[in-house]
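First the structure, then my questions, so here it is.
Computed over heavy atoms, backbone and side chain alike; hydrogens, waters and symmetry mates excluded. Note that the structure is predicted; figures quoted are calculated from it, not measured.
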2 protein chains.
Amino acid sequence: MKNTSKDLTEQEFLNEYDITKFDRPSVTVDILILSIINEDTDNYRKLINKNLNILLIKRLEHPFKGKWALPGGFVKLNESLETTAYRELKEETNVSDVYLEQLYTYGNLNRDPRGRIISSAYMSLIDSKKVTPQAGTDAIETRWFKVYSKVINTKKETTQIGVIELKDHEISLVNDDIVLKSIVRVEKKTIGHQEVTTRRIISNDDLAFDHAEIIQYGIERLRSKIEYTSIVFNLMPELFTLSELQMTYEKILGKELLKANFRRKVAKKVIETSQVTGDNIGHRPAKLFKFNPCWNKD
Amino acid sequence: MKNTSKDLTEQEFLNEYDITKFDRPSVTVDILILSIINEDTDNYRKLINKNLNILLIKRLEHPFKGKWALPGGFVKLNESLETTAYRELKEETNVSDVYLEQLYTYGNLNRDPRGRIISSAYMSLIDSKKVTPQAGTDAIETRWFKVYSKVINTKKETTQIGVIELKDHEISLVNDDIVLKSIVRVEKKTIGHQEVTTRRIISNDDLAFDHAEIIQYGIERLRSKIEYTSIVFNLMPELFTLSELQMTYEKILGKELLKANFRRKVAKKVIETSQVTGDNIGHRPAKLFKFNPCWNKD
DNA sequence: ATAATAGTGTCTGTAAGACACTATAGT
DNA sequence: ACTATAGTGTCTTACAGACACTATTAT
């Protein structure tokens, strides 16, 4: 009998194994870099307005030349996915030691005109104070876009075979004169026992690839995680007022919250410090709080 | 000036673009195929016992020859990740039209001794009645293993810099005489604002690759999703009793629940039918229920 | 006094957890 | 009568939502 793979030791097998003989896709990492950034104020007495922002880069090369895209790049053979994400993050924002989470891996066939490219999407949350607004390598144009997301259309159809529910999310990304609008249709089908959620880009201005879909999913994830984790505090400075924290929640969730209820909800997640805000113009100073790392029960 | 990429149209750029010039990793899909399977009963009057089961295959080739692994395989260039998952699923269990969800994509450098292989893990939930117990292609040995998961060790350390909390999860996979035990350490570090969760295999009998870690993560995900989605019903037949549903919850969560409270909790997710169980030996017959596709509020 | 933010008290309804109770089948 | 499962009622506690109220600052 010939020396088949069954007779080899694992080491012998590995020595003979040539991975490059097989077809392989390319793999990239794309990152949603999100931050809560203060707006310029007009009324001197009012609180500073904040907004959820996302960092995009203008593509200088084909494909999608001139369009805006999530920062990202190819995974090198000596890098884990996470390492790639951290490298990209460092290149674009010059920060490290920030929150980073894998969102989803997109592997559809025609998502990239260059060929078969699978992309693992990550989400990073950055405290606005750590960010140098227009960092990035000189040649690349990077900009922060304010993120607005709202449902502009819903439909619920109940038939004999099941329920189909769709929501069209309008994602607006705004930087001064530039406004990028996309509509992502999120469809939930329940047929028999099966619930399937699909996302599809319906309209898209100047966002490259399937990035509108990735951004919509990231926002949805952030919105749900803000409720049961302490993820928000990655977007906050060391010390903050409860009003600042509330506005951060409101801008992420896209709706206003009642103060008294909000304070009760976050009470266990924060610790009161002895300090108060000093720059109070015409109103009572606010106590400063910090994150309580022991907020979790178990 | 030469004809650089800046002067090309997108089509010209793509025609010249050769993706194979760059280093590429290989990509596989691994699937957690889970089902709730009835046990053989001993006491003729008692309810049939159920258990959460996972389908594993015995590896016939290197690496990890002779060890047990999640079903999976390489992503072909003409397949999306999902298509690959469905293909593998069909090959191993001969079912289609079942619940399938992407879990996480594992991209560490040394997770596969054959080389740089990134794996996207999927979780599939199958109604036990759809499954032919020992399907699979003839040459491959596939078996259902009962899944038991419990925390055997916890440690919580509160220092000045933050909180470190670790839990050792013992995963036992049992098929008759074969018992595969692994311990996966889940560590949550909170330093400053940052919360990082890492998973590491501490001990491992005969599970291949990093599959023990993937299985632990899948169970955790299933446990949390069972609370806020209708994912369980993928594991149930068309009609079921509330006791059957409760036992399914209990086996997934690894703890017993109080009947009255459980019934209140799932009340909105099910619809009562006019039918009852017919094979009642020595006790009151139970009403049969079906899934309510409209259980969700909004 | 005014305009702004900071912060608290209370009522309601809903849901979860614990526990005790009643109902109905076959033997 | 007994054993098993099926199914209900109620008490307590906790929390979320709505809303009204008090407190404190600079001008």
With a 4.0 Å cut-off, would you call A:K265 and A:E227 a salt bridge?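 The answer is yes: the pair qualifies as a salt bridge.
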Take atom CG of B:N49 and atom C1' of D:dT5, then tell me their distance rounded to the nearest Å.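 After rounding, the reported distance stands at 15 Å.
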Between B:E244 (CD) and D:dT5 (C1'), how many Å, whole number?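 Checked: the CD to C1' distance equals 12 Å.
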Calculate the interatomic distance between B:L258 atom CG and D:dT10 atom P; express it in whole Å.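 To the nearest whole Å, that distance equals 18 Å.
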Nearest-Å distance, CZ (B:F262) to C1' (C:dC19)?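 Interatomic distance, CZ of B:F262 to C1' of C:dC19: 18 Å.
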Please tell me if A:K268 has a side-chain N or O lying less than 4.0 Å from either OP1 or OP2 of D:dC15.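 Answer yes for this pair, as a side-chain N or O of A:K268 is under 4.0 Å from OP1 or OP2.
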Determine whether a donor-acceptor pair (N or O, by modelled atom type, separation under 3.5 Å) exists between the side chain of B:S124 and the backbone of B:I33.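 Checking the backbone N and O of B:I33 against the side chain of B:S124, no donor-acceptor pair under 3.5 Å is found.
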Any donor-acceptor pair under 3.5 Å linking the side chain of B:S35 with the backbone of B:I37?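 No, the answer is negative, given that no donor and acceptor are paired below the 3.5 Å cut-off.
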Can you check each nucleotide of nucleotides 3-10 of chain C against protein heavy atoms at under 4.0 Å and return B for base, S for sugar-phosphate only, - for none, in 5' to 3' order? BBBBBBBB
Check whether any side-chain N or O of A:D168 sits under 3.5 Å from a backbone N or O of A:I152 as a donor-acceptor pair, and report yes or no.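 No, because the side chain of A:D168 does not come within donor-acceptor range (under 3.5 Å) of the backbone of A:I152.
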What is the distance from CD of B:E256 to C1' of C:dG17, rounded to the nearest Å?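 Nearest whole value for this atom pair: 15 Å.
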Pairing residues for A:F240 by the ring pair (Phe, Tyr, Trp, His ring centres under 6.0 Å) criterion, not counting sequence neighbours: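 In terms of ring pair (Phe, Tyr, Trp, His ring centres under 6.0 Å), with neighbours along the sequence ignored, A:F240 is linked to A:F233.
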Ring pair (Phe, Tyr, Trp, His ring centres under 6.0 Å) with A:Y249: which residues, sequence neighbours excluded?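 So A:Y249 forms a ring pair (Phe, Tyr, Trp, His ring centres under 6.0 Å) with A:F262.
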Mind calculating the distance between CD (A:E227) and P (D:dC15) to the nearest angstrom?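 Answer to the nearest Å: 15 Å.
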In whole Å, I'd like the distance from the CG atom of B:L245 to the C1' atom of D:dA6.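 Distance, rounded to whole Å: 15 Å.
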